[in-house]
Amino acid sequence: MKETINAIRGFKDILPRETGQWQMVEETARQVFSAFGFNEIRIPIVEKTDLFKRGIGEATDIVEKEMYTFLDRGDDYLTLRPEATAGVIRSYIEHSLHAEDAVTKLYTFGPMFRRERPQKGRYRQFHQIDAEILGIDDPRIDAELILMLMHFLTAVGLAGPKLEINSLGCKECRPVFRKMITDFVRGKEEGFCPDCTRRMQTNPLRIFDCKVETCREIMTSAPVVLDALCGACRDHFDRFREALTIFNMPYEVNPRMVRGLDYYTKTAFEVTTELLGAQNAVAGGGRYDGLVKDLGGPDTPGIGFAIGFERLVALMQAHDEDCRCRHGRPDLFIAAMGEEAQGMAFALCNKLRLEGIRTEMDYAGKSLKSQMKRADKLKCRYTMIIGDQEIANNQATLRDMQESRQAPVGFHQIVHIKKVIKGEKPLD
RNA sequence: GUGGGCGUAGCUCAGAUGGUUAGAGUGCCGGGUUGUGGCCCCGGAGGUCGAGGGUUCGAUCCCCUUCGCUCACCCCA
């Protein structure tokens, strides 16, 4: 035996037993998103590194230490996308999609790459469903997008998602808040954990996120973003919440919530559940009114979210079996005995497939019992038996495995066979 | 990048304070019915006990190193 080569760390195979479920989630997303006026966009997995540096922010953890970046033949630095928004916006600008309609609603899904240490719910290649609305800054749109997200999560069978919202302010009020925090923290350095003392320099807002009890305690009396919002941001947040109320959408304002990507402004939100371990966010997103302009496009507001596919699917294990059956189960198994019968089975099997009937057979000349066993294992509802008797009578035996009944059918009565299998006609 | 836990059959796991052919369940293949699945019974294949080195008469077990997996920190979907 030769040495095996395994998939690399943090990269996972999505096996046949799982893909049925993935397809179901994708189908639901397409259906729900299209009802809300979204169209699919498909963008490259590799982009110029600068796109992410400018889009996500040079000082973020993602750009600083998590990107898969490489030099392409000594020319450009390229990067495997760590998230989808930057690429979508790049494409939006490059193709002047803003000129086609004042409002552009886009969704996409696919793999993202971040070089983090893998753990439960966190992989180096992971998949996201991503949706973006460009061209409107009306706070009602923020609520509408969240309505769509929550509806999708429910439609897919996710139990008990928790919605948390916050406002991060805009480029006017965020610096004000940042200063409030640095002022508040000054002189209290002793009380914080080592991580937080570091955060004071790099990203003071993150101190809110700390899980250490003493840090949390100090921060309870700290000023909150919502206190620092400018008039416009405060108004946006209020009207956003009003719109959520119209939908009877339960939510919690979490002033401690911060986002890891620099482009977010105003509305930020996160959907979490308690069943995911430490990586408890299933979806997250927010408004990014300055991003399109920062990437060289027209001054266009935007908002979007990303759903973690693997995390979503992990919460849906109960549905796995159904999906697998729906996609993987053949309609008919043809069991043939003898060389002549096998020849007929081979022709018939492929003829039925061309008719859209999922048909399987055995090529190894196994015993009837063994073939029946396989048919049962594949969960085929019907088995067709072809042997000397059937050839003599010019009729195959069609067996309903579920009802344990069987009846003869003519070899050439394809239409009849098809109808029986589809449940449109009785077996006899 | 840092720390904890774990590596024995395809999968889930036993095992002996170091001793001769390493076990179970499940899955897979076959038989019990020479033309009929599920349940039951019987049989079979499948393991360099993660890898390398050390101690020992002898190591899957003890020691060191290494690789892998996993959970958590960090960060986020």
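Proteins come first, then strands; the chains are lettered A, B, ... in the order of their sequence lines, and each starts at number 1. As the structure is a computational prediction, the values presented were derived from the model and not from experiment.
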Quick one: is [N] close enough that its OP1 or OP2 comes under 4.0 Å of any side-chain N or O from [X]?
| X | N | result |
| --- | --- | --- |
| R117(A) | A72(B) | no |
| K12(A) | U70(B) | yes |
| S367(A) | G30(B) | no |
| K369(A) | G32(B) | no |

From [atom1] of [X] over to [atom2] of [N], roughly how many Å is that when rounded to an integer?
| X | N | atom1 | atom2 | result |
| --- | --- | --- | --- | --- |
| M337(A) | G37(B) | CE | C1' | 13 Å |
| F11(A) | C69(B) | CZ | P | 12 Å |
| D61(A) | C73(B) | CG | P | 14 Å |
| Y123(A) | C69(B) | OH | P | 13 Å |
| L368(A) | U34(B) | CG | P | 11 Å |
| K373(A) | G35(B) | NZ | P | 16 Å |

Study note, to complete from the structure: Note: for C380(A) and G121(A) on RNA chain B, the residue whose nearest nucleotide lies more 5' is C380(A)
Exercise for review: Specify the residue among K377(A) and Q402(A) whose closest nucleotide of RNA chain B lies further upstream toward the 5′ end.
Suggested key: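 Between the two, 5'-proximity favours K377(A).
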By the 4.0 Å heavy-atom rule, please label [X] as base, sugar-phosphate, or nothing.
| X | value |
| --- | --- |
| A375(A) | nothing |
| R374(A) | nothing |
| G285(A) | nothing |
| T383(A) | nothing |
| F109(A) | nothing |
| D388(A) | base |
| Q389(A) | base |
| Q406(A) | base |

Establish whether the base of [N] is bridged to the side chain of [X] by a donor-acceptor pair shorter than 3.5 Å.
| X | N | value |
| --- | --- | --- |
| R122(A) | C71(B) | no |
| R399(A) | G37(B) | yes |
| Q119(A) | C74(B) | yes |
| E390(A) | G35(B) | yes |
| S404(A) | G37(B) | yes |

Main-chain N/O of [Y] paired with [X] side-chain donor or acceptor, under 3.5 Å:
| X | Y | result |
| --- | --- | --- |
| E390(A) | G387(A) | yes |
| R399(A) | Q406(A) | no |
| D362(A) | G365(A) | yes |
| N393(A) | Q395(A) | no |
| R311(A) | G121(A) | yes |
| R405(A) | D400(A) | no |

Considering only the [atom1] atoms, how many Å lie between [N] and [M], rounded to the nearest integer?
| N | M | atom1 | answer |
| --- | --- | --- | --- |
| G10(B) | C6(B) | P | 23 Å |
| G7(B) | C61(B) | C1' | 14 Å |
| C29(B) | A45(B) | P | 16 Å |
| C13(B) | G52(B) | C1' | 27 Å |
| G58(B) | G32(B) | C1' | 45 Å |
| G27(B) | G19(B) | P | 33 Å |
| G1(B) | C75(B) | C1' | 12 Å |
| U20(B) | A72(B) | C1' | 44 Å |

Can you tell me which nucleotide in [options] comes closest to the side chain of [X]?
| X | options | value |
| --- | --- | --- |
| D376(A) | A77(B), G37(B), G35(B) | G37(B) |
| M401(A) | G37(B), C73(B), U36(B) | G37(B) |
| R115(A) | G30(B), G1(B), A77(B) | G1(B) |

Applying a 3.5 Å limit to both distances, which nucleotide forms a Watson-Crick or G-U wobble pair with [N]?
| N | value |
| --- | --- |
| C61(B) | none |
| C40(B) | G32(B) |
| A22(B) | none |
| C6(B) | G68(B) |

Check your understanding: Given the rule in the side-chain contact (heavy atoms from CB on, under 4.5 Å) test, do S34(A) and Y107(A) qualify, once you have shown the distances and angles that lead to the verdict?
Key -> CA-CA 9 Å; S34(A) 104; Y107(A) 73 87; 5.6 Å; no
Review point. If you measure from the Lys or Arg side-chain nitrogens to the Asp or Glu carboxylate oxygens, is any gap between D289(A) and R287(A) under 4.0 Å?
Key: yes
Check your understanding: Ring-on-base stacking between F309(A) and A77(B), under 5.5 Å between centres and under 30° between planes: is it there?
Key ->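 Answer is no, no stack.
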